[in-house]
Amino acid sequence: MKAENSYFDYAAPVFDKNMQKQISKTRPLVVLAGQQNSGKSTLFNMLTGANQHIANYPGVTVDKKSGIYRHNKIRIDVVDLPGTYSLTSFSLEERVARDFLFSSHPDVVVNVVDAANLKRSMFLTLQLLEAGFLPVLALNMIDVASRRGLIIDKNRLEDCLGIRVIPTIGRKQQGKKALKNIIGQMITGEIKSKPLCMQYENIEPLLDFIEKKLSGYQQNSADYPLRWLAIQILEGDEDAKKYVRNLLKDDDSFLSGISSEKIAFEKKHGFDISDYIAGCREKTAADIIKKCVSAPTNANQLTSTVTFTEKIDKVLLNRVLAPLFLLAVVYIIYDLSIIRGYHLTQYTWPLLASMRNMIAGLLPDAGLLTDPFLRSFALWIIDSVITLLNYVPIFFILFGLIAILEDTGYMARIAFIMDKLFHRYGLHGQSTLPFILAGVFAGGCAVPGVMAAKAIPDEQSRMATILTVPFMNCMAKIPLYTLIVNIYFADHKSWAMLFISTITIITALGVARLLTITVINKMPKAPFVMALPAYHLPTIGSVLRRALERVWIYMKKVGTIVVVVAVVIFVLLRWPGINKQQSLEYQNQMEQAEDVFYTKIGANNIYMNQISGDNLLILLNYYNDYKRALFASGGGKRKLAVDRKFRLRNDLFYSLIKPGQDKDAKKISRAFKKLYSKRKRFRRKMKEERILSSFLGMTGKTLEPVTRVAGFNWKINVALLSSFAARESSVATLGVLFRKGAEDNLTLEQRMDNEGKAKGFTSLNALALMLFFALYPPCLATSIMIKVQTQSYKWMFFSIIFPTTLGLIVAGLAYSAGSFLNITGIWMMCLFYGTALAVTFALGFLKNKN
Amino acid sequence: MKKKQRRSQRRSNDYQGICRLDKLKPGCRGRIRRHRGKGAIRRRLLDLGLVPETTVAVICVAPLNDPILLKLETDQIALRKQEAALIEIEMLPKDSI
């Protein structure tokens, strides 16, 4: 992985260049640094307002938030660093933060600290000072501190640290002006700081020695402060050691000398040198706190007083109540976003549908049997985009709820509750969020799920999460499940639905375990250590902002992919197309149908002139548009508006399709509707044949011998293949392929059932299809997201090939076992469920050898 | 009778005892003596303020018995027992401040 690349390797030549591209140093740069939960993001929002955007730091998948604000007519760039506890290279975020600080040469570093927790925050502040940055200290959440009875002497703190201190409340926009003023003065150089230089009594001689040795070796003395570098080496920072080794031209004697000095130190004092350094920092921080903060209770007393957060946790993290509460939360998320959000789409869908019809009106008109290329291509793309846009209300609610969970601090507790279970299967407590987003039970999307996985600090668990998140039931999988359940498991609907919504998480856990003990067992693991934030009330502004931000990112990422994929699938489904002879035959049939129509209405029909020749096609399309508009209107009063609109568009045509007492018009109407449905049937037949003779159809046919083990015929194959591009298209494709009977107004369920009975497609086949669909590889949008998150094509291909193979094996086993035992689908479903549960349970006890 | 004795004995042992942090029961407190972990984990624990000589209390254990939730001044820190086992502590009586 790229993450292993250390800063010292790529920083100077590569990193710098990339940075320069992103940040033109013509503008002053302000960097926000702070620990997690210090309220850094709210302060960032306070400074930049809506002027911000998110990108990745080069080469890694850590979010880089940057924004702009104006102060005294100068535009100032602001970058929000990832939350870090210190400036070492032990975690990816820390490394990225350190990289950026050193390579971007910021004009001002704003060190955001939690005022209620000043001592802990001092660690980073002291390290920033050591590394030669002169931060402005933003004493954030000062209100929480004073509520706890802490009184912070600001002036004294400034004197102790030798830097400027500004009290702020990010959530309430307080301290904005003062902070901006100080930043402005720092940029113009009006403020000179005399920073504190921390002393490490027992190792000062050693530090001096290292500094002297290294001085003169650095080409650019401004690269890294020598004292800081010396401390890093004593702390055992691998990156720093590597850098020094390069600097000294691979002369290892110096570093091995340092190592023996370290051992000697440990022998003499009884503790490790890095413990000593940490202890010194702790002591200095405690000293500063003692001088500047007056608290009602001392530090040790604090540990034994019960805070408000703890009182809440007594209930929410209670052994019995915690799982119940967690389930309730997941259910509420599901109910509000998926179920209610879906209701909401009933209001937004007519909007989208009328938009589609409007665009369709601008395109060249439909032909009699085949449409002009531009029309079918544009409509295909629009339909794909609309399917995506239809999900927006659902995602907005979902992302909003997630933001609330994060802001309140409950999200971290979910990780705490779930960690044991997930850890057993090689995952991580923080895998919960990706799984919820991807749709643990039903409804979600793997794309935000995979994106959310980047928060997992453990590389192995992150990969296992990324690879198993696509197993969840995303929203696009549900239509196919509903279809199959309605046909083949109608008598056991709720059981079948329960099966689907839980089998996915069971298999995901099992597969995660399998992967972590085989393919990815060499990946580095990280301990689960996290600070749980105190409970906060979320603000509406920040929740809305986050929800919008994420919806926007989702739309941008998925939107572009959907369009590209739609083009590819369009090509694969259309070419090489049906041969000339066949299409001629259809043309003949259509001509015959027209002849029948004309004879039926009688040669002396008074409207003959208006509907002969080209006018007939116009009338056919007019009727088609009318029917679509009616369908999109959703009925009721809006139906009348549609009627009015179409009468206005063509009064004569309207009176022909909606004849009153006029005899001639009635005759036409009757015959015309027959002609209309005949045309529709011919078009459908041609479409099916076109698919059959297309690249995708041929592939589906070729795969039939392989997929027969799972009982899939070529039609199912084509549906599955096209659903790789976008899941929701599977039902649409099936709709076209199982078109026999569509003219008699049979539903797709009935049609599939009829054809299934004729060809021996049983509930067992249906079960196999469901299982395969559950394990089916991620859709293309997700695959591309996997590429982005893992930074490797290898893993992307693995994420496609592995589940396909697994799905085929599982579906094949279930199908042949069911056939062998001669049991129905529902019994096989129970059998499979029991087996999967047992296997996953057993896998949980498997020890990881690594 | 014997059982009770043994229990009280164990408890009194615990009070002065030196043990691993993962053995500390919810509601109990201890003072950190030293870290036995190396590298990243040690660093992370130190960064979070689990520095020798500081006092920590165990708030609770997760419903599935792991991880544990610690309290350090006003902070709450969650860590797995596996990592807690790397921290050597000196148990403190419940009521002492």
Side-chain angles (χ1 to χ4, degrees), chain A residues 35 84-86 88 90-91 94 116-117 119-120 123-124 148 235-238 270-272 274-275 278-279 281-282 298-305 307 309-310 313-314 317-323 326 412-413 415-421 423-424 429 526-534, chain B residues 21 26-88 92-97:
Chain A
Q35 296 178 343
T84 49
Y85 285 103
S86 56
T88 46
F90 285 113
S91 82
E94 283 173 6
N117 216 330
K119 193 170 140 199
R120 185 92 43 265
F123 289 8
L124 181 65
R148 285 197 187 148
E235 281 194 289
D237 188 300
E238 288 302 323
F271 43 76
D272 192 279
S274 57
D275 273 13
R281 283 193 194 127
E282 167 85 16
N298 72 33
N300 281 353
Q301 265 173 330
L302 275 176
T303 306
S304 40
T305 50
T307 58
T309 295
E310 253 173 277
D313 275 341
K314 274 254 153 62
L317 294 183
N318 176 289
R319 224 167 249 253
V320 184
L321 295 178
L326 180 60
R413 266 106 188 149
F416 175 70
I417 295 168
M418 295 301 293
D419 182 65
K420 170 79 178 203
L421 177 73
H423 186 50
R424 259 236 145 140
F528 179 89
V529 185
M530 63 192 277
L532 301 190
Chain B
L21 182 56
C28 294
R29 300 171 345 113
R31 185 180 295 127
I32 296 175
R33 283 172 51 88
R34 65 190 194 100
H35 290 274
R36 283 191 295 201
K38 289 266 178 288
I41 174 63
R42 178 195 207 105
R43 182 71 212 199
R44 169 62 80 237
L45 295 172
L46 291 174
D47 283 341
L48 283 164
L50 294 164
V51 182
E53 293 307 306
T54 48
T55 305
V56 292
V58 176
I59 300 175
C60 66
V61 180
L64 294 168
N65 236 346
D66 196 16
I68 57 176
L69 188 58
L70 295 180
K71 191 179 179 198
L72 193 143
E73 294 174 30
T74 53
D75 272 9
Q76 296 199 354
I77 295 161
L79 75 168
R80 285 189 192 137
K81 286 191 171 169
Q82 201 182 322
E83 275 85 44
L86 297 173
I87 303 174
E88 206 177 88
L92 296 173
K94 262 185 191 173
D95 43 24
S96 86
I97 284 168

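Just so it is clear, the model here is predicted, and its values are computed rather than measured.
Once rounded to the nearest 0.5 Å, the distance linking CD1 of B:I41 with CZ of A:F528 reads 11.5 Å. To the nearest 0.5 Å, atoms CG (B:L72) and NZ (A:K119) are separated by 7.5 Å. How far CG of B:L64 is from NZ of A:K420: 7.5 Å, rounded to the nearest 0.5 Å. Considering CG of B:L46 and OG of A:S86, their distance stands at 9.5 Å, rounded to 0.5 Å. A distance of 8.0 Å separates CD in B:Q76 from CG in A:L317, rounded to the nearest 0.5 Å.
Looking at B:L70, neither its backbone nor its side chain comes within 4.5 Å of chain A, counting heavy atoms on both sides. With a 4.5 Å cut-off on non-hydrogen atoms, A:F416 touches chain B through its backbone and its side chain both. If you measure heavy-atom distances from A:A526 to chain B, the contacts under 4.5 Å come from the backbone alone. For a residue to count as touching a neighbouring chain, one of its non-hydrogen atoms must lie under 4.5 Å from one of that chain's; by this rule A:A116 touches chain B with the backbone only. In this structure, the portion of B:I59 lying under 4.5 Å from any heavy atom of chain A is its side chain and not its backbone. Residue A:E238 does not touch chain B at all, counting heavy-atom pairs closer than 4.5 Å.
Options A:M418, A:E282, A:K314 differ in how many heavy-atom pairs under 4.5 Å they form with chain B, and the most are formed by A:E282. Ranked by heavy-atom pairs shorter than 4.5 Å toward chain B, the options A:M530, A:Q35, A:H423 are led by A:H423. Of the listed residues (A:I417, A:D419, A:D313, A:D272), the one with the most heavy-atom contacts under 4.5 Å to chain B is A:D419.
The pair A:E94-B:R44 meets the salt-bridge criterion, since a charged nitrogen lies less than 4.0 angstrom from a carboxylate oxygen.
Listed for the B:R80 side chain is no donor-acceptor partner under 3.5 Å among the backbone atoms of A:P527.
In this structure A:Y85 satisfies the ring-ring contact (aromatic ring centres under 6.0 Å, His included) test with no other residue, sequence neighbours excluded. Residues meeting the side chain to side chain donor-acceptor pair (under 3.5 Å) test with B:R42, sequence neighbours left out: A:D275.
A side chain to side chain contact (heavy atoms under 4.5 Å, CB included) with A:V529 holds for exactly one of B:D47, B:I77, B:L50; it is B:I77.
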Just do the side chain to side chain contact (heavy atoms under 4.5 Å, CB included) check on B:L48 and A:F123 with the steps written out, would you?
CA-CA 9 Å; B:L48 283 164; A:F123 289 8; over 6 Å; no
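Annotation: side chain of B:V61 is in contact with side chain of A:R319 (closest heavy-atom distance under 4.5 Å).
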